[in-house]
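The chains referred to below are lettered A, B, ... by the order of the sequence lines, with proteins before strands, and numbering in each begins at 1. Only a predicted model underlies this, so the values are computations on that prediction, with no experimental measurement involved.
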Amino acid sequence: MSWIRVDQALAKSPGEPVTLKGWVRTRRDSKAGLSFINLHDGTCQDPIQVVAPSDLANYESEVQKLTTGCAIEVDGELVESKGKGQSVEVKASAIRVVGWVEDPDTYPASAKRHTFEYLREVAHLRPRTNTFGAVARVRHALSLAVHRFFDEREFYYVHTPIITANDCEGAGQMFRVSTLDAMNPPRNEAGGVDFNEDFFGKEAHLTVSGQLSVETYCCALSRVYTFGPTFRAENSNTSRHLSEFWMIEPEIAFADLADNAQLAEDMLKFVFKDLLERRADDMAFFDKRIQPGLIENLTHIIESDFLRLPYTEAIDVLKKSGKKFEFPVEWGTDLQSEHERFLTEEHYKRPVILTDYPKDIKAFYMRLNDDEKTVAAMDVLVPGIGEIIGGSQREERLDVLDRRIDEMGLPKDEYWWYRDLRRYGTVPHAGFGLGFERLVQFSTGMGNIRDVIPFPRAPKQAEF
RNA sequence: UCCCCUGUAGCUCAAUUGGUAGAGCGAGCGGCUGUUAACCGCUAGGUUGCUGGUUCGAGUCCAGCCGGGGGAGCCA
């Protein structure tokens with residue numbers, strides 16, 4: 001039996017016979033001899049209204065017992081709606097119950113308002129709500145927009161490894177990957193755990209970044225990007241951190257920090273524009289129910305230029321602002337959240353790309369500027385979220401790179417293949433990391449990052 | 001990891017100086033209505049997060065543990 005999706009049905013003209021399959025959102029009975037069923041199947045923001053006349057064979061035995069969450073199939077005809085609120089509806093000629101809700105009294109996703117905190121505890125049922133259905137569709141749309149953007153610009157999508165045996169991917173606590181018996185591991189002569197006996201013959205972890213790997217492909221294919229899961233074992237407990245999240249990391253050869261910043265700006269504008277066009281229904285929902293003004297905000301961002309602001313100038317602006325900060329502003333220290341928020345939310349009221357940070361607060365691979373005090377790093381700050389992108393031009397000069405590795409007391413030997421890139425046909429190149437969930441957060445106005453990923457992983461939180 | 005707040009019905013929340021548990025929504029039944037946050041009536045539903053302590057008596061006070069939220073740090 002052929003059937004169509006709710007979004008297709010809503011776009012059709014009255015008069016056509018249709019079969020629909022989905023879940024009951026609500027049921028309202030009219031003693032005039034009919035029931036109204038709002039049916040959703042996840043294909044769009046709006047449910048479709050099914051009108052069930054009382055002469056259906058199973059009207060009293062089944063239709064009137066339908067509750068929120070029941071799965072049904074509906075045969076009927078698409079007709080012009082006699083009521084307000086929708087233009088078309090389905091006049092049912094048959095309704096088949098596919099799956100009942102066992103106990104409507106305790107169904108967790110009942111037809112009432114629920115807090116996001118509560119729905120997080122029933123993450124397997126929350127995609128049935130209009131908010132989480134919308135989040136899922138927007139997540140999908142943004143993913144494809146990212147791929148489309150890079151494809152149009154002739155970037156290649158590179159699958160960097162999830163498991164890494166490099167202990168040199170940069171700062172950040174990592175999750176260990178091991179097949180050793182945790183209760184009784186093999187010991188080395190010093191009494192420590194002997195990782196030579198482990199699966200990979202050495203300590204292995206889940207990746208915290210695909211950057212170092214993707215740089216190798218950048219220095220061969222010119223324009224590449226990764227888009228995959230990333231793992232941080234930090235004990236972070238905030239509305240914008242996850243232990244498992246998805247990160248987009250482009251890397252471009254023969255490019256400097258200015259090219260990098262332009263790429264970041266172009267990319268954000270492209271995906272926002274694409275999203276507003278392709279998911280207008282869901283974006284209207286977020287604009288109305290989650291964050292009033294959201295669409296106007298995004299439109300404004302698409303149309304305005306992102307500000308480029310060197311760190312040193314930002315320090316000046318902050319000092320002269322007259323604003324009282326909890327933490328002092330001093331050249332050489334990292335900016336606090338309150339400082340970043342002030343710049344992007346209060347002072348400039350638009351995305352700000354901060355550049356050229358003091359070298360001592362940034363990673364070893366960032367290119368040293370001519371002043372020998374700063375590096376070609378950048379953070380893209382957006383209102384409401386703060387840092388959404390972090391990136392840099394990479395140090396392509398082997399002697400400078402080695403000096404930085406030594407200064408930071410890092411094990412040079414372990415970077416042998418990374419250093420090789422600087423020995424064989426080295427080129428200026430740059431890239432950045434975009435936290436995908438932060439992008440979804442910003443695009444939807446959702447306040448907590450745990451509500452924009454299907455099954456959030458965070459400290460003490462890996463249910464489902 | 002640190003600071004602050006918090007945990008009572010399926011959900012959202014009340015409960016006076018410590019005195020023995022209540023409402024709305026949801027659910028069930030009935031009424032009314034081309035309904036759509038429907039409306040009206042009735043009914044059911046609780047070991048007040050867990051463990052211990054103070055007290056004649058603890059949802060309320062104290063300690064520890066567990067969970068949730070907001071902020072900070074780490075970052076994306």
For [X] and [N], what is the distance between atoms [atom1] and [atom2] respectively, to the nearest whole Å?
{"X": "Leu142(A)", "N": "A76(B)", "atom1": "CG", "atom2": "P", "value": "20 Å"}
{"X": "Leu119(A)", "N": "G68(B)", "atom1": "CG", "atom2": "C1'", "value": "14 Å"}
{"X": "Tyr118(A)", "N": "G10(B)", "atom1": "OH", "atom2": "C1'", "value": "6 Å"}
{"X": "Asn235(A)", "N": "C74(B)", "atom1": "CG", "atom2": "C1'", "value": "10 Å"}
{"X": "Phe116(A)", "N": "C11(B)", "atom1": "CZ", "atom2": "C1'", "value": "15 Å"}
{"X": "Glu387(A)", "N": "G73(B)", "atom1": "CD", "atom2": "P", "value": "12 Å"}
{"X": "Lys362(A)", "N": "C74(B)", "atom1": "NZ", "atom2": "P", "value": "10 Å"}
{"X": "Glu121(A)", "N": "C66(B)", "atom1": "CD", "atom2": "P", "value": "17 Å"}

Base, backbone or nothing for each nucleotide of nucleotides 27-34 of chain B, written B, S, -, heavy atoms under 4.0 angstrom, 5' to 3'?
SS---BBB
Sequence neighbours left out, what passes ring-ring contact (aromatic ring centres under 6.0 Å, His included) with Phe245(A)? Give chain and number order.
none
What residues, two or more places apart in sequence or in another chain, satisfy ring-ring contact (aromatic ring centres under 6.0 Å, His included) together with Phe442(A)?
Phe272(A)
Give a yes or no on whether a donor-acceptor pair under 3.5 Å exists between the nucleobase atoms of [N], that is its base, and the side chain of [X].
{"X": "His241(A)", "N": "C75(B)", "result": "yes"}
{"X": "Arg240(A)", "N": "A76(B)", "result": "no"}
{"X": "Ser236(A)", "N": "C75(B)", "result": "no"}

5'-most contact on RNA chain B: Trp246(A) or Thr26(A), nearest heavy atom basis?
Thr26(A)
Under 4.0 Å: is that the gap between some side-chain N or O of Ser239(A) and OP1 or OP2 of G69(B)?
no
Can you give the dot-bracket line for RNA chain B, using ( ) for pairs inside the strand, [ ] for pairs that cross earlier ones, | for pairs with another strand and . for unpaired bases, where Watson-Crick and G-U count if both distances are under 3.5 Å?
(((((((..((((.....[..)))).(((((.......))))).....(((((..]....))))))))))))....
Is there a side-chain contact between [X] and [Y], using heavy atoms and a 4.5 Å cut-off?
{"X": "Asp451(A)", "Y": "Leu119(A)", "value": "no"}
{"X": "Ile389(A)", "Y": "Met378(A)", "value": "yes"}
{"X": "Arg120(A)", "Y": "Asn448(A)", "value": "yes"}
{"X": "Val24(A)", "Y": "His40(A)", "value": "no"}
{"X": "Asp151(A)", "Y": "Arg148(A)", "value": "no"}
{"X": "Tyr311(A)", "Y": "Leu354(A)", "value": "no"}
{"X": "Arg139(A)", "Y": "Ile453(A)", "value": "yes"}

Pick out the pairs of N or O atoms, protein on one side and nucleotides 39-41 of chain B on the other, that lie under 3.5 Å.
none

Is any side-chain N of the basic residue among Asp379(A) and Lys362(A) closer than 4.0 Å to the acidic one's carboxylate O?
yes
Go through the structure and list residues passing side-chain contact (heavy atoms from CB on, under 4.5 Å) with [X], not counting sequence neighbours.
{"X": "Tyr157(A)", "answer": "His147(A), His159(A), Tyr225(A), Phe227(A)"}
{"X": "Arg350(A)", "answer": "Asp305(A), Leu307(A), Tyr348(A)"}
{"X": "Lys91(A)", "answer": "Val79(A)"}

Of the nucleotides [options], which has the atom closest to the [X] side chain?
{"X": "Arg232(A)", "options": "C74(B), C75(B), G68(B)", "value": "C75(B)"}
{"X": "Leu242(A)", "options": "A76(B), G68(B), A72(B)", "value": "A76(B)"}
{"X": "Arg120(A)", "options": "A72(B), G68(B), U35(B)", "value": "G68(B)"}

Between [N] and [M], how far is it from one [atom1] atom to the other, in whole Å?
{"N": "G69(B)", "M": "C29(B)", "atom1": "P", "value": "36 Å"}
{"N": "A76(B)", "M": "G68(B)", "atom1": "P", "value": "25 Å"}
{"N": "U16(B)", "M": "A72(B)", "atom1": "P", "value": "34 Å"}
{"N": "C4(B)", "M": "C65(B)", "atom1": "P", "value": "15 Å"}
{"N": "U35(B)", "M": "G67(B)", "atom1": "C1'", "value": "41 Å"}
{"N": "C25(B)", "M": "C39(B)", "atom1": "P", "value": "7 Å"}
{"N": "A63(B)", "M": "U54(B)", "atom1": "C1'", "value": "11 Å"}
{"N": "U60(B)", "M": "U51(B)", "atom1": "P", "value": "13 Å"}

Which residues within residues 432-461 of chain A lie with some heavy atom under 4.0 Å of an atom in RNA chain B?
Gly433(A), Gly435(A), Arg438(A), Asn448(A), Arg450(A), Lys460(A), Gln461(A)
For RNA chain B, the residues among residues 333-360 of chain A that have a non-hydrogen atom under 4.0 Å from it
Gln336(A), Ser337(A), Arg341(A)
Under the rule for side-chain hydrogen bond (donor to acceptor under 3.5 Å, both in side chains), what residues qualify as partners of Gln49(A), not counting sequence neighbours?
Arg28(A), Glu89(A)
What donor-acceptor contacts under 3.5 angstrom involve side-chain atoms of residues 61-71 of chain A, with partners at least two apart or in another chain?
residue, atom, partner, partner atom, Å
Ser61(A), OG, Asn58(A), O, 3.4
Glu62(A), OE1, Asn58(A), ND2, 2.9
Thr68(A), OG1, Arg25(A), O, 2.9

Other residues, nucleotides, ligands: >12 heavy atoms within 6.0 Å of His140(A) NE2:
no
Is it true that, when you exclude Glu117(A) itself, more than 12 heavy atoms of the residues, nucleotides or ligands shown sit nearer than 6.0 Å to its CD?
yes
What about the rings of Phe342(A) and Phe325(A), do their centers lie closer together than 6.0 Å?
yes
